[in-house]
Amino acid sequence: MAEYAAPAAVEIVADQAKEYASPYLRYFFRYGEIVEDFKNQREALELKKERVKIRVDEAERQNELIHKDVDNWLTSAEKELKETQNLKDEIDRVKCFEWCPKWGWRYSLSKKLAEKIPIISKLLETSNFAQVGYRRPLQGIEFIRSTDFMHSKSSKSAFNQIMEAINAKGVNMIGLHGMPGVGKTTLAKEVGKHAREQKLFDKVVMFTMSENPNIRTIQDKVAEMFGLNFDKNTEEGRAEELFRSMQRVNKILVIVDDLWEEFKMESIGIPFGDDHEGCKILLTTRRQQVCTKMNCKEIQLGILSEDEAWVLFRDKAGLENDCSTLNDVAKEVAAQCKGLPLAIVVVAKALKGESLNEWRDTNQRFKDSTHLYDEEVLGGVLEPLKLSYDYLKGINQMTGINDIQMCFLLCSLFPEDEEIDIEILITCGIGVGLFPYVSLIEDKRKKIVEALKKLQKSGLLLETYVADTISIHDVIRDFAHWLTKTGENRFMVKDTLEEWPHMDESYTAIALWNCSSIIKKFPDKMEFSKLKTLFLEGERKRKRDDFLVVSGTFFEEMKALQVLLLQRVSFSLEGFPSLPNLKTLCCHDCMLKNFSSSLTNMRSLEILALIDTEIDEISEELVKLSALKYLRLSNVGVEREMNIPPNLVSRLTSLQELHVIPKNNLNLLELNSLSRLTALSLRLSTNQIPLEDFVLPKLQRYAIEVGECYDIIGKAFIRTLNIQDFSSSLSAFNNLFCNVEALSLGNVGGQKNIVPSMDEMGLNELTSLQLESCNDMEFLIDAKNDQGSTVAFSNLVELDIKSMVSFKGLCYGLSPTRLLQNLKQVFIKDCEELQVIFQTPLLSNLTILRLHSLPKLKRIWEVKPSHRAIASLQSLKVVSIESCHNLKTIFSPFLALRMSHLQELDIRYCYRLQQVIGFGQEDEIIENDSPLCWSKLRILRIEFCINLKYVCANTCTQGLQSLESVYIRSCYQLIQVFNMEQNKHGHDIVLPELGSQNHCWTKLKTLRIVDCQRLKYVFANTLSQGFPLLESLHLENCPQLLQVFSSTKERDVIGDHILLNVPFLKDLVVSNCPQISCFIVQAQLIEELDLSNVGNSRQLCNTDVPVLNEGSIVVGNHEEVFQVQGGYSFSRIKKLKLGNLLEVRVIWNDFAQVVTLENLTTLRLNDCTKLRYIFSPMMACSLSHLVDLSIVRCEEIERLILAKDQVSSSSSNGDTSLQPMSFPNLTRIVVANCKKLNSLFPFGFVPVLPKLEILIVERNSKLEQVFELEEKVEVVAEEEMKFDKLEILSLEELPGLIHFCPKGYHSVFPAMTYLKVRDCPKLTTGFFIDSQEFVHCKIKVPQLVEQYAVEESTTVKNAIFNENIYWSRGRGESQLPHIA
C-alpha cells in the first residue's frame, strides 16, 4: 500500500531479503503486510464480537444461562480489542513518518502487531457458537408454595405413611385418597417440597390429571422439567421419548394430582416398576377404588378433628383465643364445616371482621340449609361454600345482579385446572354487563380486577405463578356448576366434546371446550333465546389447519348473545346473522372468512380481539363499528407486517384501548383524533415516529416498543416503553415519561442524562430501568444546578446498565431526596468510566447487587461521615462482583455491620482487591469492636483476586453459622480466610487458649481452597467436630497451608492427630499442601479421594497413627492411607488418586479385613515410591466397575495384586475358592516407571478385558510378562485372547519383557489403530495383520504338537519380532506384514 511505502532503495533490499529473512528482518520488510493483516483481523473481531454480544443479550432477555465458553470468549475478545486499540492508534502515528521512517519504532510496532495477529485469529476461529445460552434448569416443586399446609393428626399420619412408602423397597405407586377439599393436593405439594429439600430424589415433578386430562400438555410439562425437546409429534412417539429420557435419571418422584379413574402412566411416558425401580409415583384421588385398581399403597387423608378445625378456623377468621360470646358462636359455625380444610378456609375468610349478629345469622342459616347437603356431589363442603358465595357483597342497584358473584361464575366456565387469562375475563365481564354504572373500560377493568382480588381473599379463587392469570379449585368449580344447574343463570360446561349434547333453550351461558373436529350431529342452527355467553373451542391436539368448522347460520337464533369467545374455529361471516346485543367478540387461533364484509351485523360491538387469527384484511368496514371501544390485533392475517388503511384508526373515535402487537404501518398522527384513548400497545419502527412536533397522548396504560425489540409485548398491565436504535429527539414520548413504570433504552443517542433531559419531575413512577449502549449518557441525574430538594427515581426497583462507554455515575451534583429509596436489584456491566456507584445512604431495600467489568471502579459506596448513622444495607442478600480491577475493598466495616441478611457473596477477577471488608478512605478509619454477624450468609466464593490478603482484616467473624459453601481460588496473597483470635500481645493464636471462642460450622457442605500460595490457616479457631454436614473438602496448591481446623478437646485429638468426623463427606481432595498438619478422617460415605504431596515437608511419617474402632482415612505422609476396622469396606468409593506420598507402603492397613471396591471406577497412583502392593485377591474380584487404572513412578511395587500365597492364611482373602478375576469395564491401563514390577495381573484364567481401549506399558525394567496365568497350566492347543475394543497399545523401554500374553495364547486386536513397540530386546511376541485387517500377536515358541508346525512356519516366522514398531492405521504404508 502507498501509505506504507518505503524509499525505493529500501524496497529493493527488502525484496532481496524476503526469501532469507529471519523473523526479525520480517518485522522490517513486511511491515505494510503485517499492518494490513492486523487491521483486517481486528475489524473482523470487532464485528464478530458485536454479533456474539447481540445473541448473548437476546439469550439473557429470554432468561437463559450463558455458556461459560461464550462468556470467556467475549471477555477475551473485549480484552484484546481494548489492548490493541493503542496499537491501532500507534499505526496512525507512524504514518506521519512514512517517507522517513523511524526504523526502531517501526520494528517495535511491527513485532507487537505480529504477536497479536495469531491471538486475534484464534479468537475468530473459536467464535462460531451454535448456541450461546441454554435454558435454566427448572427446579419444579420448590416453586410450589405449601404455606397452607395444616399440621393435623391426620395429615401428619398420612405424611409419615407416604414418606415410609417412598423409602420402602418394592413400593412404586402410592395412592392418597380422601374427600374433596380435605387437602390432598396441599399434602402432596408438601411431600414434594420435603423430598426436594432433603434431596431424596434427583427430580421431583408434579402435574394435574383432572377428569379430562390433556396428555400432550402433561407431556410438555414433564419434558420441560427434564430438559427434553420432543422430536416426535404423536402422543405415542412423545411418550417413548419421555420414557427413555426419564430412565436416564436415577431417582424420580412423580406426583399425579386429581386422578379420576384408572390410568396407564406409560401412555404419558412415565416409567416405573421393572422399567424404572428408582421412579416413585404419588397420586391423589377422591376415589379409593382408583387406588385399588392401580395397585397402590393406599393412604387415606381424613378430616380435621374438632380441636384442629377450630384452631384453623380461628386463625383464618382472625379471632382471639378467648372465651367471648363471638367465639362460642364461631365454634358452632366451624363445626358446620365438617372438618374440611377447604370449607373452613372459605367460611372463615367470608366472616372475617363481621359483627356478632352476622355470625349468629350465619349459624342459623347453616342449621336451616340441611337440604343443600349432597353426599354424592360435594359432601360436606357444599354448605360452607354456599355461605361464602352468599357473602360476596356487590349487588348492582341498576340490574339487581351481584357483579362479584357473576365474575365468580364466569371463572367457572373455563376448563378444569386452566390458568385463566385475566384479560379475557375482563373482556367477557364487560361484554355481559358487569359494573354498568362505570362508563370507561379502564374503570371497568379496575372494578373487575378488584372483584377478582376479593374472590381470592374469600378463598373462591386461587393465585397462580403468572401475574396475569388466575385459577379456580376443581371442587369450587364443581360447586359453581351446581349453583348454575337451576335458576336464572343456567350454565352448561363440557371440558371435552365428541358428540353434540342434548340442550334446551334455557341456558344463559354455554362453554364447550376441546370439541372434536369430526363431532357428530353438530347442528347448523340452534335456538337459544336466553343465551348471553358462548365459549366454543376446537380440538386441542388438531393438526395446524384442522379447525372446528361452524356454519354462520349456527348463531342465527342467539339474539340475546352478548359474548362470543372462539378458539381454533373456522367459519364464514358471510350471511352472519345480525346479533344486536353482541358486545364482545374474541377469536384466538381462528380462521374467519369474509370478515370485513360482515361487520355491519355487529353494530353494538364494543370489544373486538383477534389473536393469531387469519382474516382477509383490515378494511374500511371497521369504521361501521361505531360503538367499538377496545380493539386488539395480534398476529392477524398472513403477512408479517399488518397493513392498516390510512385514516382508518383516526375515525374509530370511540376507541378507548388500542392494541396492535405486530409490526404495522400505522400513522401515529391519527392517534391525535382519539380523544378517549386511555390504553395503547404498539410495536413501531423508528421511521414511524414523526419528525415534526408530535407528542403521544397521555395514557393510563401502555406498552410501546420502538426499533428492533426482542421482548414480547404483554397486555399492558404496566406502563412499558422500550426504545432501541434511536438517535432523534425523544420529545414524542414526553407525555409518557411522567408515568412510565418500565423504561428500556438501547443505543439511544443524544441524551447525557435522564433527569432532567427526559423528565424534570424525576420519573418517580418508574420501577424498572434498563440502559444499554447509550453512548452519550453520563449520569442518570444531573443535579448540579439544584439544591437537592428534587425527588427522583423514588420507586425504582430494578436498575440494569450495560455497555455505557461515557457513563460516570448515578448522580452528578447533590443527590435528590429519596433517591433510589426502593431500589432492590442493580446490575451494571461494561461501563469504562464509572468510578463510584452509590453516594446515597438510603439503600435499605437493596437486595441484589451485580457488578461486572468496571475497570475504573474505585469504590462501590461513598458515604459521607455525617450520613453513616443512617447508612444501611439491611436487605442486601446477593453480591456478585467480577472484573472490577481497580477495587481495593468492597465494604467498609460500618456498612458490613449493617448487612445482616447477606446470603451470597461472589467476587472474581478483581486484581487489585486487598480486603473484602476494610477501609476504603482514610476518613473511614474508626475504632470498631463489634463482631461481624452475617448469620444468613450461605455462599462465599472468591476467585482470581490475586492481591487479596484478608476477607475481613479488622473484624472478628463469629456470626457465619449459616455458611453452606466456601470456594476460594487463585488468591495468591491471601493470608487468612476468617480472622483468628489474638492474645494480649496481638499475636495470632493458632490453637485457641482456654476460654477462647471456638466456632461450629453446622451447615457447611462444601469447602474448596485452591491456589492460595500464602494461606496458612482456614478455620483456625474451629473444632474438628464442627462440620457435621460437610460433603466436599478440596485443598489444592496451598504450599504454606498449616492447618484447616484446630481442636482442644480429647475427643477431637488422637495422639498427635486431629480427628475429623464427617459422616456425610463424599469427596476429599488434598493436593500439593506439603506443610499441612496430619488429620484423620472418618467418612463412611466417601466416594472420591485424592491425596497428593500432603505433609511431605513436615516429616510426620514417623508418628504412629492410632488404631480406631471405625474405618478411617489418614490425610498426611504416613505408611498407610486407609485404616480398615470392623469390616467397614469403603464400598462407596468411586475415584481414588494418590500421588507423591513418599512414605506410603500400603493403601489398606490389613488385608485380613474384608474390603470390597464394587463402585471403584478410577484408580491413579503416582510417585508413591515405597508402595509394594495395591489389591488383595478378594479386592481384585470386586473391581467390576473399574474403568481407569494408572500406576506411574511407584518404584517399589512388585505386583498389582497379591498372590494367594502372600495373603495370611487366617484371612478371608486367602480363600482358594475365590471367583476368577475379571475387569469387564476396564477401559484404560497405564503402567510406567515401576522398576520392580514383574507382571501386571496374575489371572486365574484367560484375562477378560472386553472394554479395554488403551494399554500403555513403559519403562518397567523388570517386567517380564504383561498378562500371566497364576495357575501353571500345560497348553495342549493354542488358545485365542481377543481384545475387541483395544485401539492403542504402547510397549516402550521394557528390557526384561519376554511375553505380551501367556505361553500358548494368541492375541487378536480387531479395533487397533495405533501400535508402538520400542526398546523391548527380549520380546518373543510377533505382530502381523490378517486379511480382515485385524492385528495379531503370537509368541515364538517350539511347537507342542506336530500338526501345528506347518501353520507356525507360515505365520509366526513372517511376523515382526524383536524390532521397534511404529504403526498407525490409515497413515502411510503399514509396517506390519499381512499374513493370510
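A salt bridge is absent between Lys1135 and Asp1090; no separation between the charged side-chain nitrogens and carboxylate oxygens falls under 4.0 Å. Ion pairing of Arg1318 with Glu1293 is present here, as a side-chain N (NZ or NE/NH1/NH2) and a carboxylate O approach within less than 4.0 Å.
Residues passing the side-chain contact (heavy atoms from CB on, under 4.5 Å) test with Asp1284, sequence neighbours excluded: Lys1282, Pro1310. Legend: residues meeting side-chain hydrogen bond (donor to acceptor under 3.5 Å, both in side chains) with Arg969, ordered by chain and number and at least two apart, are Glu943. For the salt bridge (Lys or Arg N to Asp or Glu O under 4.0 Å) test, residues two or more places apart in sequence or in another chain that qualify with Glu1196 are Lys1236. Looking at residues two or more places apart in sequence or on another chain, you find a ring pair (Phe, Tyr, Trp, His ring centres under 6.0 Å) between Phe944 and Tyr909. Residues satisfying the side-chain contact (heavy atoms from CB on, under 4.5 Å) test with Asn1233, not counting sequence neighbours, are Arg1193, Arg1259. With sequence neighbours left out, Ser1307 forms a side-chain contact (heavy atoms from CB on, under 4.5 Å) with Met1281, Phe1283, Phe1300, Cys1301, Phe1309, Cys1337. Applying the side-chain contact (heavy atoms from CB on, under 4.5 Å) test to Glu1253 and every residue at least two apart in sequence or in another chain returns Thr1227, Lys1285. Taking Ser121 as the reference, Gln41 meet the side-chain hydrogen bond (donor to acceptor under 3.5 Å, both in side chains) condition, with sequence neighbours excluded. In this view, His1034 and Glu1036, Asp1067 satisfy the side-chain hydrogen bond (donor to acceptor under 3.5 Å, both in side chains) rule, not counting sequence neighbours. With sequence neighbours left out, His276 forms a ring pair (Phe, Tyr, Trp, His ring centres under 6.0 Å) with no residue at all. Contacts of His1336 classified as side-chain hydrogen bond (donor to acceptor under 3.5 Å, both in side chains), with partners at least two apart in sequence or in another chain: His1306, Asp1330. Looking at residues two or more places apart in sequence or on another chain, you find no salt bridge (Lys or Arg N to Asp or Glu O under 4.0 Å) involving Lys251.
The main-chain N or O of Cys1234 is found under 3.5 Å from a side-chain atom of Asn1260 such that the two form a donor-acceptor pair.
Asn1225 and Lys1251 form a side-chain donor-acceptor contact under 3.5 Å, judged by distance and modelled atom types alone.
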